[in-house]
Visitor: 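The structure that follows is given in the form of structure tokens.
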There are 2 protein chains.
Amino acid sequence: MALLGAAAPAAFGQVDELLPRPAEVESLDGELVIDGAFRVEVEACGDARVGRAAERFVGRLARQTGLVFFTSAGEHPAPPALRVRCGAGAPHAPTWRTDESYRLEIGRDGAILSAPAADGVLRGLETFLQLVAPGPKGFRAPGVRIADRPRFPWRGLLLDCARHFMPQEIIERNLDGMAAAKLNVLHWHLTDDQGFRVESRTFPRLHQMGSDGLFYTQEQVRQVIAYARDRGIRVVPEFDMPGHTTAWLAGHPELAALPGPYSIERKWGIFDPTLDPTRDDVYHFLDRFLGEMARLFPDEYIHIGGDEVNGKAWNASPRVAAFKQEHGFSTNEQVQAYFNGQVARILTRHGKKMVGWDEILHADLPKDIVIQSWRGQAPLAKGAREGRMGLLSFGYYLDHVSPAAAHYAVDPLAKEAAALTPEEAARVLGGEACMWSEYVSPETVDSRLWPRLLAVAERLWSPADVTDVDDYYRRAESFSARLDFLGLQHRSGLSPMLERLAGTSPPPPALRELAAVVEPVKQYVRGKTSPHTSRTPLNRLVDAARPESLEARDFRKAVDAFLADPSRAARREEVRRRLDRWRRLDAELQPWTARSFLLAEIAPLSRALADLATAGLEALEIVASRGKADPAWWEFRRGVLDAPKRPAHALEIAALPAVRRLMEAARDGS
Amino acid sequence: MALLGAAAPAAFGQVDELLPRPAEVESLDGELVIDGAFRVEVEACGDARVGRAAERFVGRLARQTGLVFFTSAGEHPAPPALRVRCGAGAPHAPTWRTDESYRLEIGRDGAILSAPAADGVLRGLETFLQLVAPGPKGFRAPGVRIADRPRFPWRGLLLDCARHFMPQEIIERNLDGMAAAKLNVLHWHLTDDQGFRVESRTFPRLHQMGSDGLFYTQEQVRQVIAYARDRGIRVVPEFDMPGHTTAWLAGHPELAALPGPYSIERKWGIFDPTLDPTRDDVYHFLDRFLGEMARLFPDEYIHIGGDEVNGKAWNASPRVAAFKQEHGFSTNEQVQAYFNGQVARILTRHGKKMVGWDEILHADLPKDIVIQSWRGQAPLAKGAREGRMGLLSFGYYLDHVSPAAAHYAVDPLAKEAAALTPEEAARVLGGEACMWSEYVSPETVDSRLWPRLLAVAERLWSPADVTDVDDYYRRAESFSARLDFLGLQHRSGLSPMLERLAGTSPPPPALRELAAVVEPVKQYVRGKTSPHTSRTPLNRLVDAARPESLEARDFRKAVDAFLADPSRAARREEVRRRLDRWRRLDAELQPWTARSFLLAEIAPLSRALADLATAGLEALEIVASRGKADPAWWEFRRGVLDAPKRPAHALEIAALPAVRRLMEAARDGS
């Protein structure tokens with residue numbers, strides 16, 4: 001937050017700000033002036049998406065700059081400032097084999113964007129937009145020569161629209177954000193225990209009984225797919241089976257391994273209901289259903305889930321027991337492998353290839369399936385060695401509420417995969433960030449995705465040696481701000497949520513400052529802090545707070561700098577100023593916490609922050625004076641570092657680790 | 001801005017916060033708890049709009065609170081918390097004679113909203129939404145009994161979509177805002193010299209040649225009308241004639257009084273092109289065109305403009321000269337009266353009544369026309385005495401960039417109208433705020449409309465004795481914040497615009513603080529500060545700054561309080577703190593103004609603010625010490641009060657008048 005000072009902001013429109021960083025960049029002299037006479041000319045591109053992309057590009061440039069372009073009136077016939085050239089290949093839907101490379105050269109007299117395929121043009125237009133900013137004399141783009149291409153061909157986002165339904169407009173604005181970040185796959189998690197979100201005309205009871213009325217019509221699905229395709233993004237639907245199927249069974253209990261009735265699951269977790277793997281009519285049903293979906297979704301892949309089959313339903317079913325005996329199966333894994341084999345044959349019959357979570361990895365499956373590793377990086381390397389293609393999601397779970405730095409450090413070709421031969425390594429197609437939606441609603445999804453998703457986007461696009469995480473953060477904030485022009489609400493949504501919490505406008509400044517230094521609890525701890533179901537409102541401070549506190553990040557750096565040289569008064573002052581402010585927030589919030597039940601729960605949090613800041617200030621003085629704390633001080637104060645394991649407010653103080661270091665330095669002396 | 005402190009914020013959901021204030025309110029004991037089990041039941045309403053309104057209401061309540069309502073799943077069959085009852089009258093399109101009254105009673109056990117007509121239900125649902133806020137134990141609405149009805153039946157907003165085209169989504173979200181403010185007429189200014197914005201199938205050259213491709217299709221028009229009708233808002237289209245018609249003539253030069261060719265006007269002002277009032281084929285054209293529009297727009301009124309005919313084209317036309325002679329006309333006013341008479345007959349033939357600007361007021365016109373007074377309040381009273389209905393817009397021009405207080409003080413029944421008999425006064429139907437769009441773009445329109453439009457909305461709805469302007473401001477800020485939930489961008493649009501100016505995110509804090517204490521120049525001075533056309537980008541600080549600085553308003557109050565008793569240290573400190581901050585902004589902005597051409601122009605502004613603040617601080621000390629300034633001080637400093645008449649940045653320092661008072665107090669001694 002600007003209030004408390006922060007690192008120098010990144011400037012828009014500099015070559016050094018590009019995100020993801022291009023493969024090859026060379027700065028050139030001069031710059032291209034961009035004014036109302038700017039126009040784009042598309043030279044013979046075979047794919048109609050390019051013309052539409054050029055139109056969107058001009059609209060976005062107008063929004064981003066506020067310029068009014070004259071060209072619509074057919075006046076000012078200046079030469080085009082940007083010429084777009086691409087291969088004359090026929091229009092096509094993108095696949096992971098699509099060439100996304102492009103070359104962009106910007107000079108004083110104009111810019112040329114060329115690419116073998118339409119998808120490369122789409123990527124290059126995004127790069128161009130990032131380069132436009134106000135200069136001393138007007139809007140301009142810097143002289144540059146870029147040759148760019150992705151490191152991995154499959155760069156995805158899983159969006160869970162089953163646990164919390166996400167309306168079409170939210171998907172579409174996030175597709176715009178994905179395209180800006182050069183991501184190219186929307187993994188659309190459409191079915192789960194808590195909801196069946198796609199209209200089936202073959203089996204309408206699926207969405208009618210399984211969605212509370214919250215589903216995508218087939219017309220909407222087609223619109224989303226077209227919207228994505230225009231932006232060079234594939235849509236891979238997931239129909240999770242044989243577990244995670246409670247919502248299917250609400251309308252079709254006859255598919256289950258155990259008798260029903262079933263109703264939509266409202267809780268979060270792993271549940272027992274499972275499809276019956278023994279019956280032909282189940283496979284017949286899946287054949288007809290997947291056939292319908294294969295026609296609806298044009299991508300060559302369909303994701304069949306396959307995760308978290310707990311086996312309880314199968315263990316309790318006499319039919320499954322008999323089936324195991326008959327087939328000589330001793331484990332449920334073998335049963336699931338059989339099930340997957342049947343589904344794979346169904347998909348093949350409908351012209352599709354299979355993607356599944358790493359549980360499905362089994363020797364009998366066809367070689368062209370894609371394994372998505374979520375439980376570790378090992379299955380990716382193992383699969384690659386066995387000739388299987390894979391995707392990494394382990395380490396990319398955005399719903400774990402980890403800092404961007406954690407995702408940024410995860411490379412699909414590091415760890416076990418580092419030892420792969422080039423041929424094997426090429427089977428690692430890329431990865432997908434995952435946004436599971438237990439604790440994410442339409443109102444909060446943008447701020448849970450952005451800007452952290454950019455860490456995964458850059459990791460999957462940019463060369464392997466682009467690893468400077470501080471530099472990443474600098475650029476990500478700048479990118480994040482520009483997403484406002486695409487309608488994303490990760491920034492604008494904060495004020496209304498704080499106002500709702502406080503019941504006033506403006507909300508108390510102390511609330512905004514508190515929100516800036518806390519973070520939601522990590523992993524799935526939130527579910528242990530209080531009961532959560534699909535009906536639990538996500539309207540608390542934990543939902544308003546950013547997943548990652550940049551304020552705490554800045555503070556940590558200030559503490560590091562101070563501890564490196566406690567004699568520097570400016571560094572001490574930087575730390576002191578923040579601690580002093582945090583110490584006083586609690587008193588300012590007191591009058592508010594009694595008024596609103598939504599704020600009542602954070603009273604212990606702001607008290608804990610005050611106590612922590614008080615101890616931090618004491619430690620600061622001790623360290624600054626080159627002293628050493630009385631052991632009694634440590635004993636008296638150390639309790640402030642004990643954060644509750646399951647706090648009711650589901651938040652943690654992100655500045656705590658840095659205060660701990662300060663206190664330990666005081667305890668240990670210099 | 002919260003940074004510099006402000007008046008105590010208004011709390012949501014209190015009876016005292018309602019805006020517009022209802023006619024009769026009585027607080028009751030107890031409150032209604034609102035949780036996930038909340039549901040609405042509509043009892044036999046003849047108008048299907050009520051059912052749709054109830055659905056929208058639940059959706060808005062969910063957004064506003066973040067609650068998840070269970071009712072969609074058919075569970076929790078609790079008794080309805082809100083029962084809606086209305087007269088069983090047939091569905092109808094609203095007119096100004098529609099009964100909009102309603103009664104709302106909220107108690108511990110539930111709420112009842114009843115109204116004679118659907119439109120009253122719509123108004124009452126908005127009232128209910130304003131009453132919901134978090135309390136100590138959960139969301140709740142206070143016990144209350146309200147009997148409410150509008151003071152005036154015609155409460156409109158003119159939106160000029162000709163000078164700057166406003167996309168459909170912008171119109172629709174502002175219709176939502178209007179409905180929240182209980183406004184009931186969208187006056188859709190669709191044609192002007194700079195654009196012809198509606199599809200004509202009869203004469204397609206009108207929109208094809210007159211709009212640069214920026215027009216509403218008839219399908220879009222129907223959607224906007226349906227959207228408005230669902231919210232109890234009439235849509236009255238304006239086709240301005242015989243002047244303001246350059247864009248018509250681009251495609252149909254044969255309609256003009258002088259030979260063409262004509263092309264779309266790009267400048268702002270009053271222009272010569274005028275329809276030929278002498279020819280039957282012109283009236284035949286208008287008959288066919290207005291016939292088509294009469295079928296497209298269901299409202300009983302069509303606005304024919306009639307303003308600002310400068311007469312130059314008519315004076316230069318031999319045909320018109322001959323026509324005058326033939327008819328014995330000596331003035332162009334007589335010619336226009338003839339023209340209006342012809343148009344009135346055309347409208348009557350198509351079942352419509354006429355609205356026009358006060359220039360059209362003429363004895364020969366039918367009695368059922370409505371006169372819209374924009375040049376003063378006098379024509380309203382004059383018309384009413386002569387038996388004509390009228391609307392007030394004089395004093396309600398939002399594009400004059402006046403403070404809300406100025407609009408709030410204008411009462412359609414004050415001044416000349418105060419002497420009317422009750423029967424005459426009833427002919428004053430209400431008024432319309434006007435948002436002419438020379439200096440308003442799709443990006444900025446929300447912030448130019450909101451929250452100031454609320455001042456007109458309350459004036460036209462609430463009883464005449466609701467005039468406490470400080471109380472109005474308090475409530476307006478609260479209302480304004482809630483508009484975020486309707487998608488309005490008057491607040492969220494600020495940060496992206498400041499970031500664009502600076503070319504960084506976050507923008508320098510000093511820029512935000514400068515923006516908070518300046519205002520765009522008033523009236524139409526902006527056009528004199530630099531050349532403006534329809535192609536001029538509206539992306540400057542003058543476009544980002546709020547039309548009214550609440551910071552300056554707070555400062556003025558602080559100065560008043562200080563001058564009333566200069567011995568009070570706290571009051572002095574309040575003034576000093578702000579002045580001291582403003583004094584320092586310039587130095588902080590210096591490094592930025594060289595980098596961005598958009599900031600370069602504000603360098604003189606921030607310098608002027610620094611000088612003004614310096615002089616203000618000196619004056620403060622003199623007054624606080626009960627001294628009197630040396631006359632040389634006044635001579636040395638008085639220049640800071642001379643704001644430039646036509647500043648290039650088109651901004652003024654809103655705090656200047658208060659500093660002037662401080663300096664004068666120092667000069668004059670206490």
Side-chain angles (χ1 to χ4, degrees), chain A residues 2-3 6 9-13 36 63-68 70 72-73 133-139 212-214 264 441 443 477-478 480-482 484-485 489 491-492 495-497 499-507 509 512 534-540 543 594-600, chain B residues 2-3 6 9-13 36 63-68 70 72-73 133-139 212-214 264 441 443 477-478 480-482 484-485 489 491-492 495-497 499-507 509 512 534-540 543 594-600:
Chain A
L3 261 180
F12 296 157
R63 271 201 298 285
Q64 181 177 317
T65 59
L67 290 173
V68 180
F70 306 158
S72 61
K137 284 172 289 184
F139 285 100
D212 298 320
L214 298 171
I264 298 173
S441 71
E443 184 178 31
E477 281 305 288
S478 179
S480 176
R482 300 255 203 147
D484 277 9
F485 291 115
Q489 300 183 0
R491 302 198 313 157
S492 63
S495 285
M497 292 192 78
E499 285 162 350
R500 174 200 290 154
L501 288 167
T504 64
S505 172
R512 199 176 284 276
S534 54
R535 267 81 179 266
T536 304
L538 300 179
N539 58 2
R540 298 155 62 205
D543 301 298
R595 275 192 244 167
S596 163
F597 74 108
L598 292 168
L599 289 187
Chain B
L3 263 180
F12 297 156
R63 272 201 297 286
Q64 180 177 319
T65 60
L67 290 172
V68 181
F70 307 157
S72 59
K137 284 172 289 186
F139 286 100
D212 297 318
L214 299 172
I264 298 173
S441 71
E443 184 179 32
E477 281 306 288
S478 178
S480 176
R482 299 258 202 144
D484 278 10
F485 290 115
Q489 300 183 0
R491 301 198 313 157
S492 62
S495 285
M497 291 192 78
E499 285 161 351
R500 174 200 289 156
L501 288 169
T504 64
S505 170
R512 198 177 284 276
S534 55
R535 268 80 179 268
T536 305
L538 300 180
N539 59 0
R540 299 155 61 205
D543 302 298
R595 275 193 244 166
S596 162
F597 75 108
L598 292 170
L599 290 187

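Each chain gets a letter, A, B and so on, in the order its sequence line appears, and its residues count up from 1. What's counted below: heavy atoms across the whole structure, side chains too, no hydrogens, waters or symmetry copies.
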Visitor: Say you draw a straight line from CZ of A:Arg540 to CG of A:Leu598; how long is it, rounded to the nearest 0.5 Å?
Guide: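 CG of A:Leu598 is found 8.5 Å from CZ of A:Arg540.
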Visitor: Check each atom of B:Ser480 against the heavy atoms of chain A and say whether the ones under 4.5 Å are side chain, backbone, both or neither.
Guide: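 Interface part for B:Ser480: neither.
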Visitor: Pick one of side chain, backbone, both or neither for A:Leu538, based on which atoms fall under 4.5 Å of a heavy atom in chain B.
Guide: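 Only the backbone of A:Leu538 comes within 4.5 Å of chain B.
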Visitor: Count the heavy-atom pairs under 4.5 Å between each of A:Pro537, A:Gly138, A:Ser478 and chain B, then report the option with the highest count.
Guide: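 The residue among A:Pro537, A:Gly138, A:Ser478 with the greatest pair count is A:Gly138.
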Visitor: My understanding is that only residues two or more places apart in sequence, or in another chain, count here; which of them pass salt bridge (charged side-chain N to carboxylate O under 4.0 Å, His left out) with A:Arg595?
Guide: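 Once residues adjacent in sequence are excluded, A:Arg595 has no partner under the salt bridge (charged side-chain N to carboxylate O under 4.0 Å, His left out) criterion.
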Visitor: Please classify the contact between A:Phe139 and chain B as side chain, backbone, both or neither, with a heavy-atom cut-off of under 4.5 Å.
Guide: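 Both backbone and side chain.
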Visitor: Could you work out, with side chain to side chain donor-acceptor pair (under 3.5 Å) as the rule, every residue matching A:Asn539, not counting sequence neighbours?
Guide: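 Here no residue qualifies.
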Visitor: If you count heavy-atom pairs within less than 4.5 Å of chain A, which of B:Arg482, B:Glu477, B:Arg491 leads?
Guide: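 Of the candidates given, the most pairs with chain A belong to B:Arg491.
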Visitor: Which atoms of A:Gln489 are under 4.5 Å from chain B, going by heavy atoms: the side chain, the backbone, both sets, or neither?
Guide: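 No part of it gets close to chain B.
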Visitor: A:Ala600, A:Ser492, A:Ser596: which one forms the most heavy-atom pairs within less than 4.5 Å of chain B?
Guide: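 Among A:Ala600, A:Ser492, A:Ser596, the one with the most close pairs to chain B is A:Ser596.
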Visitor: Can you say whether A:Glu499 sits under 4.5 Å from chain B via the side chain, the backbone, both, or neither, judging by heavy atoms?
Guide: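 Backbone plus side chain of A:Glu499, per the 4.5 Å heavy-atom cut-off to chain B.
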Visitor: Starting at OG of A:Ser534, measure out to CG of A:Asp212 and round the result to the nearest 0.5 Å.
Guide: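 Rounded to the nearest 0.5 Å, the OG-CG separation comes out at 7.5 Å.
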Visitor: Of all of A:Ala594, A:Pro496, A:Ala481, which one pairs up most often with chain B through heavy atoms under 4.5 Å apart?
Guide: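 Top option by heavy-atom pairs under 4.5 Å: A:Pro496.
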Visitor: Looking at side-chain heavy atoms only, is the closest gap between A:Ser495 and A:Arg512 below 4.5 Å?
Guide: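 The answer is yes; the side chains approach within 4.5 Å.
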Visitor: CZ of B:Arg63 to OG of A:Ser441: how many Å apart, nearest 0.5 Å?
Guide: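 OG of A:Ser441 is found 12.0 Å from CZ of B:Arg63.
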Visitor: Does any heavy atom of chain B fall under 4.5 Å from the side chain of A:Leu501, the backbone, both, or neither of them?
Guide: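 A:Leu501 touches chain B through backbone heavy atoms alone.
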Visitor: Could you give me the CA-CA distance, side-chain angles and deciding distance for A:Phe12 and A:Gln64, then say whether side chain to side chain contact (heavy atoms under 4.5 Å, CB included) is met?
Guide: CA-CA 11 Å; A:Phe12 296 157; A:Gln64 181 177 317; over 6 Å; no
Visitor: Which bit of B:Ala133 is near chain A, if near means a heavy-atom gap under 4.5 Å: side chain, backbone, both or neither?
Guide: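 For B:Ala133, there is no contact with chain A at all, as no heavy atom is under 4.5 Å.
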